[in-house]
Amino acid sequence: MTTQDSGEVIALLQMRLHALNDLALTLKHIHWNVVGPHFIAVHEMIDPQVEQVRAMTDDLAERISTLGGEPHGTPGALVSDRTWNDYSIGRAEAIEHLGALDLVYTSIVEEHRAAMKATDELDPVTQDMLIEQLRGLELFQWFVRAHLESSGGRLSTAGASTERKAAAQAAEQARGRP
């Protein structure tokens with residue numbers, strides 16, 4: 001791999017590292033701030049996701065180092081480099097957090113897929129790692145969406161463009177359920 005190619009891959013991986021570090025922190029925030037009748041189900045669903053996302057960040061950081069880069073995992077680097085806002089929901093009902101988390105996962109998965117496609121010719125080893133991570137991330141989103149879908153397959157967060165809107169839509173649909 002050329003120095004230029006490895007530099008491109010390192011830059012992609014650094015942003016994925018930031019995104020997954022942010023996701024791990026967001027998941028713990030949800031874990032600590034979820035309330036309501038489905039508290040324990042969501043509380044217990046989140047911790048295994050945190051553990052696996054943290055393992056993904058370790059893989060990303062080690063790949064950056066393998067390619068000759070320096071992984072930046074400090075909070076300051078994350079905040080300085082990120083292109084997204086902080087998670088916007090505080091203490092809230094489980095369904096509200098799940099509605100917002102669905103949007104978080106959508107963004108993470110879309111950007112991971114873009115990085116995967118960008119590494120197709122540049123670095124198939126990195127691409128393989130990203131594919132494996134996508135498998136886990138998409139599974140986690142499926143767990144979240146299982147709480148947000150109707151039996152007919154309608155997603156309560158459909159069309160929501162903000163976490164707050166997704167949370168409100170999820171709550172509205174839940175109020176209409178027995």
Side-chain angles (χ1 to χ4, degrees), residues 1 5-34 40-89 94 97-149 155 157 163 166-167:
M1 181 182 307
D5 287 349
S6 65
E8 285 182 46
V9 173
I10 289 167
L12 285 170
L13 291 177
Q14 183 59 61
M15 289 309 292
R16 298 293 76 227
L17 177 61
H18 286 327
L20 292 186
N21 271 329
D22 188 74
L23 176 60
L25 291 169
T26 297
L27 289 167
K28 283 309 282 189
H29 171 83
I30 292 167
H31 175 85
W32 298 320
N33 286 288
V34 66
I40 198 65
V42 172
H43 187 77
E44 290 183 352
M45 177 180 75
I46 295 294
D47 267 345
Q49 292 182 26
V50 171
E51 289 175 29
Q52 290 182 42
V53 169
R54 285 181 176 160
M56 290 176 195
T57 64
D58 195 48
D59 291 342
L60 289 166
E62 290 173 356
R63 185 67 183 154
I64 290 168
S65 292
T66 299
L67 294 172
E70 179 183 348
H72 300 282
T74 64
L78 188 162
V79 171
S80 171
D81 294 347
R82 73 180 179 189
T83 57
W84 58 91
N85 295 322
D86 270 338
Y87 184 73
S88 62
I89 309 297
H97 275 298
L98 293 173
L101 185 55
D102 179 46
L103 288 190
V104 171
Y105 271 124
T106 295
S107 178
I108 294 279
V109 166
E110 286 174 354
E111 293 191 15
H112 236 67
R113 282 188 171 278
M116 177 203 64
K117 288 177 184 169
T119 57
D120 182 39
E121 300 217 7
L122 284 175
D123 184 9
V125 173
T126 294
Q127 184 184 50
D128 183 61
M129 180 186 66
L130 293 170
I131 289 169
E132 184 59 31
Q133 291 179 353
L134 275 162
R135 190 174 289 120
L137 294 167
E138 288 176 349
L139 179 67
F140 299 155
Q141 187 172 33
W142 176 58
F143 292 167
V144 168
R145 284 188 168 182
H147 296 269
L148 303 171
E149 274 188 280
L155 191 61
T157 55
E163 292 164 0

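Keep in mind that this is a model prediction, so the values were computed, not measured. In this chain, residues are counted from 1 in sequence order.
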Who passes side chain to side chain donor-acceptor pair (under 3.5 Å) against Asp58, sequence neighbours left out? none
Is the closest side-chain heavy-atom distance between [X] and [Y] below 4.5 Å?
{"X": "Met129", "Y": "Thr119", "result": "no"}
{"X": "Asp22", "Y": "Tyr87", "result": "no"}
{"X": "Asp123", "Y": "Asp5", "result": "no"}
{"X": "Ile30", "Y": "Met45", "result": "no"}
{"X": "Arg63", "Y": "Val125", "result": "yes"}

Would you call the rings of His97 and His29 parallel, tilted or perpendicular, where under 30° means parallel and over 60° means perpendicular? perpendicular
Minimum heavy-atom distance [X]-[Y], with the two atoms named:
{"X": "Leu122", "Y": "Glu8", "result": "CD1-OE1, 3.6 Å"}
{"X": "Pro71", "Y": "Ala61", "result": "CG-O, 3.5 Å"}
{"X": "Asp102", "Y": "Val144", "result": "N-CG1, 4.0 Å"}
{"X": "Val53", "Y": "Phe140", "result": "CG2-CE1, 4.1 Å"}
{"X": "Val34", "Y": "Ala94", "result": "CG2-CA, 3.4 Å"}

Apply side-chain contact (heavy atoms from CB on, under 4.5 Å) to the pair Leu67 and Thr126, showing each step before the final yes or no. CA-CA 10 Å; Leu67 294 172; Thr126 294; 4.1 Å; yes
Quick check: does any side chain N or O of [X] sit under 3.5 Å from a backbone N or O of [Y], one acting as donor and the other as acceptor?
{"X": "Thr57", "Y": "Arg54", "value": "yes"}
{"X": "Gln127", "Y": "Met116", "value": "yes"}
{"X": "Glu163", "Y": "Ile89", "value": "no"}

CG on Leu155 to NE2 on His147, rounded to 0.5 Å: 12.5 Å
Measure the CD1-CD distance between Ile10 and Glu70 for me, rounded to the nearest 0.5 Å. 10.5 Å
Which residue is it: Leu60, Leu20, Asp81? I am looking for the one with a side chain to side chain contact (heavy atoms under 4.5 Å, CB included) to Met15. Asp81
